[in-house]
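Whatever order the structure lists ligands and atoms in, that order sets their numbers, starting from 1. Everything quoted here is computed from the prediction, not taken from an experiment.
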Amino acid sequence: MVIIAPSILSADFARLGQEAEDVRRAGADWLHVDVMDGLFVPNISLGIPVLASLRKATDMFLDVHLMIDRPVRYAERFCDAGADMVTVHVEADTPENISAALAAVRAKGKRCGVVLKPGTPAEAALPWLAETDMVLVMTVEPGFGGQSFMADQLDKIRTLRAWIDERGLECRLEVDGGIDVRTAPLALSAGADVLVAGTAVFGQRDRAAAVAALRGE
Ligand code: DX5
Ligand code: ZN
């Protein structure tokens, strides 16, 4: 089943609780929470206290995408603040520290995943493929919503889908960046099963129609 995960980066941050409830009622499955530190990416979004408030405001599954340098420093605290899943960029630290960050998330009983920037090859996910719940392929350079989908990432998605299936893994395959009604079918046919969408859901007046359209309904 395809999971639709609206990204709150495109939501009204002054009304985050209502925004979360609104997309839940619109039929979204997860809420994608983009955390940026102004160091790993050239933008700053939100952090631990905001996640903790959001946790109180909604029962939705919170998919926390850490775009931060050396995520091992904070992974546990994002779990304590209410994340259901924490994903970390493989480019953000040494392999040892990425493994430590994933282990910290698992030790908290939460799901974990690794993220690949557009310039990072599929092979970079291999060391963790068997021990993560998800691989996230960025289809824009991380940092900002509203960018155009990078179709050259489709081969990477196909490769990862093949590896996941060959190994019989439960691992989900998420895409993030520039997903809309035109690009969602491309990502899905390449093998993605979780679609992040900021502008294509929060930027729409009729969010139920937007979520249904992404599902291809
Ligand atoms: C970008 C973020 C994305 C972003 C997606 O760094 O990771 O989640 O919010 O926004 P859209 O769907 O507008 O490209
Ligand atoms: Zn994201």
Side-chain angles (χ1 to χ4, degrees), residues 2-13 16 19-20 22-23 26 28-47 50-51 54 60-69 71 74-75 78 83-92 105 111-120 125 132-154 156-157 172-188 192-205 207 209-211 213-215:
V2 177
I3 299 276
I4 306 294
S7 161
I8 60 162
L9 200 58
S10 301
D12 178 353
F13 276 20
L16 222 38
E19 292 276 72
D22 192 49
V23 292
D29 305 290
W30 294 359
L31 202 60
H32 183 82
V33 182
D34 285 308
V35 177
M36 303 178 182
D37 66 352
L39 197 60
F40 183 73
V41 289
N43 197 6
I44 298 176
S45 54
L46 55 88
V50 176
L51 180 65
L54 189 57
M60 279 189 93
F61 184 94
L62 299 179
D63 165 29
V64 177
H65 174 193
L66 295 185
M67 284 163 275
I68 68 173
D69 191 45
Y74 293 105
F78 277 99
D84 293 296
M85 173 177 269
V86 175
T87 58
V88 299
H89 274 265
V90 299
E91 308 89 355
V105 174
R111 294 195 221 170
C112 64
V114 290
V115 192
L116 308 179
K117 285 168 53 164
T120 304
T132 54
D133 301 291
M134 192 164 77
V135 175
L136 165 51
V137 174
M138 292 303 301
T139 42
V140 297
E141 285 299 337
F144 301 92
Q147 303 182 74
S148 298
F149 180 80
M150 297 169 69
D152 61 359
Q153 298 302 303
L154 289 167
K156 192 193 293 183
I157 299 167
R172 283 203 173 264
L173 188 51
E174 182 176 51
V175 284
D176 182 6
I179 297 294
D180 57 23
V181 286
R182 190 184 58 83
T183 57
L186 304 177
L188 291 174
D193 58 7
V194 182
L195 301 178
V196 176
T199 317
V201 174
F202 279 110
Q204 309 304 312
R205 192 175 293 272
R207 290 162 174 182
V211 169
L214 288 173
R215 284 192 208 283

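Between the side chains of His65 and Asp63, no donor-acceptor pair is found at a separation under 3.5 Å.
With Asp176 contributing its side chain and Met138 its backbone, the two residues share no donor-acceptor pair below 3.5 Å. A donor-acceptor pair is defined here as one N or O able to donate and one able to accept, closer than 3.5 Å; such a pair exists between the side chain of Lys156 and the backbone of Thr120. In this structure a side-chain-to-backbone donor-acceptor pair under 3.5 Å is missing from Asn43 to Met36. Without hydrogens or angle criteria, Asp84 side chain to Leu62 main chain gives a donor-acceptor distance under 3.5 Å. At distances below 3.5 Å, at least one donor-acceptor pair connects side-chain atoms of Asp133 with backbone N or O atoms of Cys112. No donor-acceptor pair closer than 3.5 Å links the side chain of Thr139 to the backbone N or O of Met150. Using a distance-only test at 3.5 Å, with no hydrogens or angles considered, a donor-acceptor pair links the side chain of Glu19 to the main chain of Asp12. Between the side chain of Gln204 and the main chain of Thr199, a donor-acceptor pair closer than 3.5 Å is present. Not one N or O on the side chain of Gln153 forms a donor-acceptor pair closer than 3.5 Å with the backbone of Val137. Side chain of Gln147 to main chain of Glu141: a donor-acceptor pair is present (N/O by atom type, distance under 3.5 Å, no hydrogens or angles).
Checked against a 3.5 angstrom limit, the closest N/O atoms of Glu141 and ligand 1 fall outside it. Between Gly146 and ligand 1, at least one pair of N/O atoms sits closer than 3.5 Å. Annotation: Asp34 places an N or O atom under 3.5 Å from an N or O atom of ligand 1; distance criterion only. At a 3.5 angstrom cut-off on N or O pairs, Asp176 counts as close to ligand 1. Ligand 1 has an N or O atom lying under 3.5 Å from an N or O atom of Gly178, backbone or side chain.
The distance from ligand 1 to the heavy atoms of Met138 drops below 4.0 Å at these ligand atoms: 7 (O). Residue-ligand proximity, Thr199 to ligand 1, at heavy-atom distances under 4.0 Å covers atoms 11 (P), 12 (O), 13 (O). Every atom of ligand 1 is numbered from 1 in the order shown, and the set under 4.0 Å from a heavy atom of Met67 is 6 (O), 7 (O). Every atom of ligand 1 is numbered from 1 in the order shown, and the set under 4.0 Å from a heavy atom of Ala197 is 12 (O). Close approach of ligand 1 to His32 (heavy-atom distance below 4.0 Å) involves ligand atoms 8 (O). In the vicinity of Phe144, heavy-atom distances shorter than 4.0 Å reach the ligand 1 atoms 1 (C), 6 (O). Applying the 4.0 Å criterion to heavy atoms of Pro142 picks out, from ligand 1, the atoms 6 (O). Near Val196, meaning under 4.0 Å from any of its heavy atoms, are these atoms of ligand 1: 8 (O).
Asp176 contributes atom OD2 as its closest N/O/S atom to the Zn ion (ligand 2). The atom of His65 nearest to the Zn ion (ligand 2) is ND1, with the search restricted to N, O or S atoms. Between the Zn ion (ligand 2) and the N, O or S atoms of Asp34, the shortest distance is to OD1.
Ranking the protein heavy atoms by distance from atom 12 (O) of ligand 1 puts Gly198 N, 2.7 Å first. With hydrogens left out, the protein atom closest to atom 10 (O) of ligand 1 is Gly145 CA, 3.5 Å, a heavy atom.
Under 4.0 angstrom from ligand 1, the non-hydrogen atoms of Ser7 all belong to its side chain.
A heavy-atom distance below 4.5 Å is found between the side chains of Leu186 and Phe149.
For the pair Gly143 and ligand 1, a heavy-atom separation below 4.0 Å is found.
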